[in-house]
Amino acid sequence: MLFKQIPPHHYKYRLFRPIPIAHIFTVNPRTIARKLGLIFLLSFSLNTNCLSFELFDSVQIHGFASQTMFLTSGNNMFGPSISNPSFDFTELGINGSWSPMPNLLLSMQIISRRAGNGYDGSPNVDFGLLDYSHFFEDDFKIGFRAGRIRIPYGLYNDTRDVAFTRPSILLPQSVYFEGTRDFTISADGLLIYAELLKPWGNLTLELFGGYNRSNELDAKFSFLSLPGNLEPNPGFSGRLNYESYDASLRFALSGGYIPMDYKSSSSLIVGPTGTLIPTPTKGKLTFTPMLLSSQYNTDKWTFTSEYSPFFINTSGLNTVVNPFADSNNFAQSYYFQVAYRFAPKWELMTRYDAMYTNSHDQNGKESELKSQYLINQLIKNTTNLSSLEAYNLFQFASPAYSHFAKTLTVGLRYDISPMMMIRAEYNYINGTAWLPTQGNPIPGETKQYWDMFGLQVSIRF
Amino acid sequence: MPKIISCYTCRFRNMALWSLILLFSGSMMAEENVVAVVHYGTPVTTPISRIRLSSIFSMRLTTWSDGSAIKVFVLPDDNPLNSTFCKQILKLFPHQLRYAWDRLVYSGTGQAPVILSSTQEMENKIANTPGAIGYLPKEKKDDNVAILLVE
């Protein structure tokens, strides 16, 4: 196979896609140890009802572990999942908190995430912060957090990796998109917050300023598909949240402004057929995500909807390798979700979820033509290209359906105990906009209509 | 003059009706038979406002009026007394309270209440921990714990 010899960073052809690293599906001793550890934890949790630790006064240890299996048709999801189940999605986390004074809290969480070959499970500090707050008159609280902080964004970002708090196996991918996960999960800086607790409800305002964690990322592992690094500039984000007294109603407005500089030491990369392709050495990238959230709860029902207009501005990053980095891109996504707790411990959910990477080109036709044109230019400009090589190169043109995704989800959850949960889920998907590229490096080989079945077991303490 | 028959059927019917009413009100009583309790000598005045009580159980309010720490004790999510307390006293859905704790714990912005396995353990903990708050069935009242009424 021609593409087997090609360095992986050549598969970088699409906006909104993480980049594949080498396809290594070997089993190593670390993986086995991790799996055994998880099984141990799971069997432990079956025998006990309550496992939160309070080591000594005011110190708490909590954690979570989830293992997911995906079985898909057409496209791979977190590992080779077509026809045969993939178990390559494991989430582990442990956190500790210490409250030396009632108004002061120090906390830290370490997470390990294994998701196909995009995340290898190496542990990282998810948050590590100091929180100080002061109450006035028992109904007004003001405070700040400093350090590495979870970014306040929408209804689910605060606890994104804890399967227990998610409505489904994965969060709705339109809004909580895997490709921008690292930009939106947590950041280093200062957050100030104010909370008003009144009979008519709770009003919370959180404002964050600081640096996102993109400096830990190679741009090639993000959706950007370029070989250099992203260096963060100071950014802002915030959330205004309203919750009625009994939490039956919840509304939130979140937004962010995340500017970054792109820098690369190489001005050329080796193309899929050995061609040298010029790439930028400098550029700018700015995310401006926004999110409107609403939720209505009764004892048995939960209705949730979120809508996200998402602006991506780039300058100096338009290349043949990354042909869809429009200088001003406006993406849109939304979902509607219903959960029904029909019996104690049981929950049934359904969701319709839609994502458009370019809202001016919702069916993706224009982007497809642009991509084919650029690839054709590359083929023309390359000498000594065999017809097979040209054909293979053409497979990298991004199809129209890679610019949207519409997902219908049905899921069932059973809480074995307050600490342990299992769920099963079926997704019918039209489009590949949120499909991770790691397992699907060649756009021309992806399928527009596909199914995804998942099973998940999760514990928390 | 119509003959008055001492109507046993009627009497039985009445008795059945009354016992049904008693039984029903009894079960209603049993549902409301959970009370918030605090460690004896905690600086809080009873009755407490419902909003303040729920701020305490949702772990938002962490200090008593004198600045001392509030220690919150609860029973496991699947204990019936837990859901009774949430619905009857706090007027919250139990799953929403759990969600509030999860948000604090897994984003590092707060701590969870301490989960105890039985009402007996709850009684002991409240009695022996200064600043403690929890809930107990009404009949379980101990001299070492004080009942906190809700406005």
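These numbers come from a predicted model, not from an experiment. Atom set for the values below is all heavy atoms of this structure, side chains included, hydrogens, waters and symmetry mates excluded. Letters go in sequence order (proteins before strands), and every chain restarts at 1.
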Who passes salt bridge (charged side-chain N to carboxylate O under 4.0 Å, His left out) against A/D158, sequence neighbours left out?
-> A/R239
Chain A contact via B/S68 - which portion, at a heavy-atom distance below 4.5 Å = backbone
Does any heavy atom of chain B fall under 4.5 Å from the side chain of A/Y245, the backbone, both, or neither of them?
-> both
Looking only at B/V105, B/T129, B/T63, B/D77, the option with the highest number of non-hydrogen pairs under 4.5 Å against chain A is B/V105
Starting from the C-alpha separation in whole Å, work towards a yes-or-no answer on side chain to side chain contact (heavy atoms under 4.5 Å, CB included) for A/I185 and A/D126.
-> CA-CA 8 Å; A/I185 196 140; A/D126 181 36; 4.3 Å; yes
Establish, from distance only, whether the side-chain atoms of A/T165 and A/R160 form a donor-acceptor pair under 3.5 Å.
-> no
Under a 4.0 Å N-O cut-off, is there an ion pair linking A/D299 with A/R341?
-> no
Tell me, side chain or backbone of A/L197 under 4.5 Å from chain B's heavy atoms, or both, or neither?
-> both
May I ask you to name which of A/I149, A/D161, A/N103, A/D246 has the most heavy-atom pairs under 4.5 Å with chain B?
-> A/D246
Classify the side-chain pair A/S97/B/Q111 by whether it contains a donor and acceptor separated by less than 3.5 Å.
-> yes
Interchain contact, B/R52 with chain A, by part (heavy-atom threshold 4.5 Å) | side chain
Sort B/S55 into side chain, backbone, both or neither according to what part of it lies under 4.5 angstrom from a heavy atom of chain A.
-> side chain
Examine the side chains of B/T109 and A/D131 and answer whether a donor and an acceptor come within less than 3.5 Å of each other.
-> no
Tell me, out of A/L106, A/N157, A/N95, who's got the most heavy-atom pairs with chain B below 4.5 Å.
-> A/N95
Among B/R103, B/K87, B/R50, the residue with the most heavy-atom pairs under 4.5 Å to chain A is B/R103
Among the listed options A/N297, A/D415, A/L129, A/T302, the residue most often paired with chain B at heavy-atom distances under 4.5 Å = A/N297
Heavy-atom proximity to chain A below 4.5 Å, by part of B/R60 = both
Backbone N or O of B/V38 within a donor-acceptor pair of the B/T42 side chain at under 3.5 Å?
-> no
Does A/D188 pair with A/R213 as a salt bridge, N-O distance under 4.0 Å?
-> no
